Amino acid sequence: MDIRKKITFTYVALSTFSTLLLSIIVFVLFRENNRYHFLKRLEDRAKIVASIHFQHDPEKSKYYSNLKKNGLEELIEEEEYVLKINSANSFDYNTNLNLPNKFYSNILSTGKDYFEVNSKYYLGQVFTESHQKYIVIVGARDRRGKTTSIYIIKILLFGGIGFILLAFFLGRFLAKRVINPVARITKEVNRISASNLHNRLPEVKNSDEISDLTETFNDMLDRLETSFEIQANFINNASHELKTPITTIIAESEIMLLKEREVSEYVESLQNIYSQASRLGNLTESLLKLTQTGYDGNKQVLDIARIDELLLDVKSDLDKIYPDNRVSIKMNFAPKDSNLLLIPCNKPLLELAINNIITNGVKYSDNNEVFVTLSANQDAIKISINDIGIGIPPEDIPHLYEPFFRGKIAAKYIGYGLGLPLASKIIRMHDGEIQVQSEQNKGTIVTIIFKKINPKKTNIKKSNVES
């Protein structure tokens with residue numbers, strides 16, 4: 001069953017239930033109102049019957065008789081009885097009355113009661129005359145009440161059927177109004193494929209769920225289009241970067257094999273081949289590491305490491321690659337509680353990410369000073385890497401994490417544009433984020449922030465760390 005029919009039938013079912021409930025309430029209240037007014041009429045009759053019975057003056061008796069006959073509306077099957085009360089529990093019984101004992105008991109105890117049998121009502125009331133108590137019972141059939149009750153039942157029945165039919169058409173209209181925007185979105189989305197990801201759903205100005213759904217789809221299409229473009233650029237750039245050293249190695253080898261050469265020429269050629277092979281090896285290794293982190297930056301976290309010791313290990317590695325580097329690690333703001341420096345991580349990958357960022361600071365500042373500052377608290381661990389290098393133009397910052405992207409200013413430096421995208425994925429894998437602030441020709445500040453996770457609540461393997 002489609003959603004339109006479900007909405008229609010649900011609306012009809014709820015309308016039927018509401019109509020039925022309302023009809024029952026109306027009928028019960030109407031019947032109680034009829035009963036109340038009919039009993040009031042019987043009560044008035046009882047008072048007149050008592051007055052006629054108690055009057056010893058023939059003229060007054062005649063007056064009350066005329067009032068009862070002409071002044072009051074005639075009742076159907078009217079009966080009148082006056083029963084003398086002898087004691088608290090006894091009275092003169094009339095054999096023409098076939099009423100339950102409880103009815104009489106209630107009258108004697110409360111002074112008034114009524115009883116209904118087959119739409120005929122009996123009202124009993126106690127009256128006192130000259131210290132003598134009497135029970136006056138008046139009975140009549142409420143034909144009008146029965147007729148009006150049948151009439152109101154017919155009105156409620158036919159009115160309810162009519163309303164249910166109306167609810168069916170209103171339900172269909174409501175279902176159409178609700179589903180049509182969703183059906184339109186479905187139709188538009190089905191038209192979008194990999195070849196026309198630039199298409200977007202028409203914007204809906206209403207601030208409702210349909211508008212939110214449209215915006216969500218458009219945001220998703222934006223991400224898909226960006227992802228497709230990045231993948232296409234990645235493939236094109238990777239092909240180009242891999243093809244260049246391979247072509248150079250093949251060309252150099254072919255030239256050297258054409259004829260015999262001097263030893264110096266062979267050495268020079270082998271040096272060129274070694275240089276291109278090293279470039280190819282570094283590029284391949286970077287691509288493998290980029291793949292190792294996963295497409296979405298997810299990888300199993302295995303270790304718990306102290307972030308200060310990890311920074312010192314990174315500095316040790318840098319000293320081997322760049323012996324004359326001017327990297328300074330400041331831990332003035334590091335907390336005294338060493339537990340605040342613990343971080344669940346994949347240690348080799350996290351070292352690689354931080355190494356890449358610090359190395360960029362060294363490289364793009366022409367080996368000028370680079371300051372690495374560590375701070376931590378109960379909520380986060382913060383690493384700030386500050387260089388005074390060439391900086392990053394504002395238009396290049398949105399593309400920093402795209403593989404193989406290199407800005408115009410950075411193009412003169414050796415690199416492949418893979419270090420920062422790789423670092424970004426690794427840091428994201430550790431629930432961290434990178435913030436970049438830069439001004440061209442003045443320097444760059446890269447801030448790495450890791451959200452703190454309680455090591456006791458993480459499913460990881462502890463490494464040998466002093467805490």
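If you're wondering where the values come from, they're calculated on a predicted model, not measured in any experiment.
Enclosure of atom CZ in R184 by more than 12 non-hydrogen atoms of other residues, nucleotides or ligands within 6.0 angstrom is indicated. Surrounding CZ of F173 are at most 12 heavy atoms belonging to other residues, nucleotides or ligands under 6.0 Å away. Heavy-atom neighbours of E260 CD from other residues, nucleotides or ligands within 6.0 Å: at or below the threshold of 12. Taking a 6.0 Å sphere around CD of E262, one finds it holds 12 or fewer heavy atoms contributed by other residues, nucleotides or ligands. Remark: Q378 CD is loosely packed, at most 12 non-hydrogen atoms of other residues, nucleotides or ligands lying under 6.0 Å away. For Y266, the OH atom is densely surrounded, since the number of other residues' heavy atoms within 6.0 Å is greater than 12. Under a cut-off of 6.0 angstrom, the local environment of CZ in R35 is crowded, with over 12 non-hydrogen atoms contributed by other residues, nucleotides or ligands.
Between the side chains of T110 and N106, no donor-acceptor pair is found at a separation under 3.5 Å. A donor-acceptor contact under 3.5 angstrom links the side chains of S438 and T444, judged on distance only.
Using a 4.0 Å cut-off between charged side-chain N and carboxylate O, K451 and E433 make no salt bridge.
Remark: side-chain polar atoms of S105 are paired, donor with acceptor, to backbone N or O of N101 under 3.5 angstrom. Distance alone, capped at 3.5 Å, is enough to place a donor-acceptor pair between the T359 side chain and the N355 backbone. A donor-acceptor distance shorter than 3.5 angstrom exists from the side chain of S18 to the backbone of L14, with no hydrogens or angles considered.
In terms of heavy atoms, R261 sits closest to M256 at CG-CE, 3.3 Å. Considering all non-hydrogen atoms of both residues, K382 and T447 come closest at CE-CG2, 3.5 Å. When all heavy atoms are compared, the tightest approach of A175 to T8 is CB-OG1, 3.8 Å. A376 and I381 get closest at one heavy-atom pair: CB-CG1, 4.0 Å. The shortest heavy-atom contact between V362 and S365 is O-OG, 3.3 Å. The two residues V327 and N325 have their closest heavy-atom pair at N-OD1, 3.2 Å.
Note that CD1 of I392 is 4.5 Å distant from CG of L400, once rounded to the nearest 0.5 Å. For the atom pair CG (N356) and CG (L352), the distance works out to 4.5 Å, reported to the nearest 0.5 Å. Note that the CD1 atom of I383 and the CD1 atom of I427 stand 7.5 Å from one another [nearest 0.5 Å]. Here I164 contributes atom CD1 and L20 contributes atom CG; the two are 8.0 Å apart, rounded to the nearest 0.5 Å. In this structure, the separation between OG on S384 and CG on L374 is 10.5 Å, given to the nearest 0.5 Å. Taking CG of N368 as the reference point, atom CD1 of I390 lies at 12.5 Å (rounded to 0.5 Å).
Here the side chains of Y11 and S15 are in contact, with some heavy-atom distance below 4.5 Å. The closest side-chain heavy-atom distance from V267 to Q271 is below 4.5 Å. Looking only at side-chain heavy atoms (C-beta outward), K112 and L39 stay at 4.5 Å or farther from each other. Taking the side chain as every heavy atom from C-beta outward, Y122 and L99 approach each other to under 4.5 Å. Proximity of F163 to L22: side-chain heavy atoms (C-beta onward) are nowhere separated by under 4.5 Å.
Taking the six-membered ring where the residue is Trp, the centroids of F38 and Y121 are separated by under 6.0 Å.
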Check against side chain to side chain contact (heavy atoms under 4.5 Å, CB included), F217 and L213: CA-CA 6 Å; F217 269 115; L213 180 61; 3.6 Å; yes
Full working for side chain to side chain contact (heavy atoms under 4.5 Å, CB included) between D387 and Y364: CA-CA 8 Å; D387 67 65; Y364 294 116; 6.0 Å; no
Would you please test M331 and L312 for side chain to side chain contact (heavy atoms under 4.5 Å, CB included) and show each step? CA-CA 11 Å; M331 298 189 183; L312 293 176; 4.1 Å; yes
Hey, mind stepping through K347 and D313 against salt bridge (Lys or Arg N to Asp or Glu O under 4.0 Å) and telling me if it holds? CA-CA 11 Å; K347 190 175 180 181; D313 290 341; 3.8 Å; yes
L42/Y114 under side chain to side chain contact (heavy atoms under 4.5 Å, CB included): CA gap, chis, key distance, verdict: CA-CA 10 Å; L42 292 182; Y114 77 91; over 6 Å; no
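Checked against Q435 for a side chain to side chain contact (heavy atoms under 4.5 Å, CB included), the options V446, I448, I449 give a single hit: I449.
Aromatic ring orientation, F450 versus H430: perpendicular (interplanar angle above 60°, classes split at 30° and 60°). Under the 30°/60° scheme for interplanar angles, the aromatic rings of F103 and F115 are found to be tilted.
Considering only residues two or more places apart in sequence or on other chains, S269 meets the side chain to side chain donor-acceptor pair (under 3.5 Å) condition with E252. Take N386 and apply the side chain to side chain donor-acceptor pair (under 3.5 Å) test, not counting sequence neighbours, and it matches no residue. The side chain to side chain contact (heavy atoms under 4.5 Å, CB included) search around T148 returns F30, N34, R144, not counting sequence neighbours. Taking D366 as the reference, nothing meets the salt bridge (Lys or Arg N to Asp or Glu O under 4.0 Å) condition, with sequence neighbours excluded. Partners of S253 under the side chain to side chain contact (heavy atoms under 4.5 Å, CB included) rule, at least two apart in sequence or in another chain, are I249, I273.
For residues 317-342, the pairs satisfying salt bridge (Lys or Arg N to Asp or Glu O under 4.0 Å) are K315-D319, R326-E369, with sequence neighbours left out.
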